[in-house]
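As structure tokens, the structure follows; a few thoughts come after it.
Side-chain atoms are counted along with the backbone in the values below, which use heavy atoms only and exclude waters and symmetry mates.
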Amino acid sequence: MPNKILVKEMQVSEPQNILSADQKSSVHENSFFADDLHQMANAVNYRRWQLDLISPYIHGKVLEIGGGIGNFTADLAGLAESVVSIEPNMYCYSQLTEKVSSLTNVTALNIDAESLANSLPKGFFADTVVCMNVLEHIQDDVSAVGYFTRLLRTGGRIIILVPAVPAAFGVIDERLGHFRRYSKHRLTTLLTSSGFTLEKIKFFNLIGLLGWWWNARVSRRKNQSDIQIRFFDRFLVK
């Protein structure tokens with residue numbers, strides 16, 4: 001999947017409004033979303049590639065927004081002092097808790113982002129917020145980023161990975177509950193308008209864009225291909 005990775009340094013921590021109920025993630029209790037996460041869990045080299053990119057920025061107390069089935073949670077725990085991982089999808093949450101059950105520095109919560117205020121310890125601030133493949137599922141991403149700002153200590157970082165290139169949006173995006181794919185300009189504007197200073201932004205996995213575009217615009221696939229993922233992970237990821 002073509003993505004871009006964004007690392008920002010927080011400069012302000014002014015209060016923002018908590019997300020309202022009608023701004024929740026579009027990811028519901030559906031098997032397609034969970035199946036996609038399992039497909040990507042098998043892309044070992046691809047996940048390692050992503051982790052290598054973000055690992056220099058992981059430290060201290062980490063808040064993982066949307067832990068999914070735990071594809072990255074244990075790795076984050078190995079780099080951080082502690083990890084709080086939230087996941088609203090009940091099936092994914094059960095998989096997540098099973099994967100991190102032996103890790104004493106991980107707390108998994110079956111909640112959505114707007115429930116965080118009532119679920120985190122009083123006075124909690126994260127050193128790093130990790131938001132990988134989540135923002136595209138949130139209709140009001142502006143309010144979401146503003147809310148995540150509240151949860152970061154001054155000087156903390158937010159790491160964001162999102163699907164890129166709006167022209168590649170297709171049926172698979174729709175089935176996954178994506179509201180959008182991002183351009184570099186839109187993502188930059190979204191973060192800077194919330195008070196962040198850009199530290200690094202880059203396109204990631206442009207090779208995968210060709211396959212995603214083909215599936216969306218030519219073959220009109222309604223699901224990702226295991227064969228394509230295995231080929232990409234084995235031969236194209238270095």
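I54 places a side-chain heavy atom less than 4.5 Å from the side chain of M132. Counting only heavy atoms from C-beta outward, the side chains of L63 and I65 approach each other to under 4.5 Å. Side chains of I86 and Y93 form no contact here, defined as non-hydrogen atoms less than 4.5 Å apart. Residues F196 and R157 form no side-chain contact, since every pair of their non-hydrogen atoms from C-beta on lies 4.5 Å or further apart. A heavy-atom distance below 4.5 Å is found between the side chains of L116 and I111. Two residues are said to be in side-chain contact when any heavy atoms from C-beta on lie closer than 4.5 Å; R48 and D52 meet this criterion. Between D173 and L176 the shortest side-chain heavy-atom distance does not fall below 4.5 Å. Side-chain contact between V84 and V62 is absent, with no heavy atoms from C-beta onward closer than 4.5 Å.
Legend: residues meeting side chain to side chain donor-acceptor pair (under 3.5 Å) with T128, ordered by chain and number and at least two apart, are absent. Listed by chain and number, the residues in a side chain to side chain contact (heavy atoms under 4.5 Å, CB included) with L79 are L51, S55, I58 (sequence neighbours excluded). Considering only residues two or more places apart in sequence or on other chains, D75 meets the side chain to side chain donor-acceptor pair (under 3.5 Å) condition with none of them. Residues passing the side chain to side chain contact (heavy atoms under 4.5 Å, CB included) test with A77, sequence neighbours excluded: V83, L103, N105, V106. With sequence neighbours left out, the salt bridge (Lys or Arg N to Asp or Glu O under 4.0 Å) criterion links D141 to R180, R186.
Within the model, atoms OG of S82 and CG of L76 stand 11.5 Å from one another, a figure rounded to the nearest 0.5 Å. The CG atom of N45 lies 11.5 Å from the CD atom of Q50; values are rounded to the nearest 0.5 Å. We find the OG1-NZ distance between T73 and K99 to be 8.0 Å, quoted to the nearest 0.5 Å. Atoms CG and CG, from L96 and N89 in turn, are 11.0 Å apart once rounded to the nearest 0.5 Å. To the nearest 0.5 angstrom, S194 atom OG is 10.5 Å from F148 atom CZ.
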Practice problem: Using the side-chain contact (heavy atoms from CB on, under 4.5 Å) rule, take L53 and K202 through it: C-alpha gap first, then chi angles, then the decisive distance, then the call. | Solution: CA-CA 11 Å; L53 284 172; K202 64 181 293 184; 4.2 Å; yes

Exercise. List the steps, then state whether side-chain contact (heavy atoms from CB on, under 4.5 Å) holds for F125 with R150.
Key: CA-CA 8 Å; F125 288 100; R150 284 189 60 191; over 6 Å; no

Quiz item: Can you list the steps and then say if L135 with C131 is a side-chain contact (heavy atoms from CB on, under 4.5 Å)?
Solution: CA-CA 7 Å; L135 275 186; C131 188; 4.1 Å; yes

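Contact record, I138 with F179: C-CD1, 3.7 Å, taken as the closest heavy-atom pair. For the pair R47 and F72, the tightest heavy-atom approach, listed with the atom from each and the gap, is O-CE2, 3.6 Å. When every heavy atom of G67 is checked against every heavy atom of S85, the shortest pair comes out as CA-OG, 3.3 Å. Nearest heavy atoms, V134 versus G66: CG2-CA, 4.1 Å.
The aromatic rings of H178 and H137 stand perpendicular to each other, their planes meeting at an angle above 60°, with 30° marking the opposite boundary.
Side chains of D112 and S115: a donor-acceptor N/O pair is present below 3.5 angstrom, by distance only.
A salt bridge does not link R181 with E136: every distance from a Lys NZ or Arg NE/NH1/NH2 to an Asp or Glu carboxylate oxygen is 4.0 Å or more.
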In residues 158-169, what donor-acceptor pairs under 3.5 Å come from side-chain atoms, sequence neighbours left out?
none

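Between the side chain of S143 and the backbone N or O of D140, no donor-acceptor pair lies under 3.5 Å. E87 places no side-chain N or O within donor-acceptor distance of the main-chain N or O of N110, the cut-off being under 3.5 Å. No donor-acceptor distance shorter than 3.5 angstrom exists from the side chain of K184 to the backbone of I201, with no hydrogens or angles considered.
Sorted by first and then second residue, the salt bridge (Lys or Arg N to Asp or Glu O under 4.0 Å) pairs involving residues 124-135 (not counting sequence neighbours) are D127-R153.
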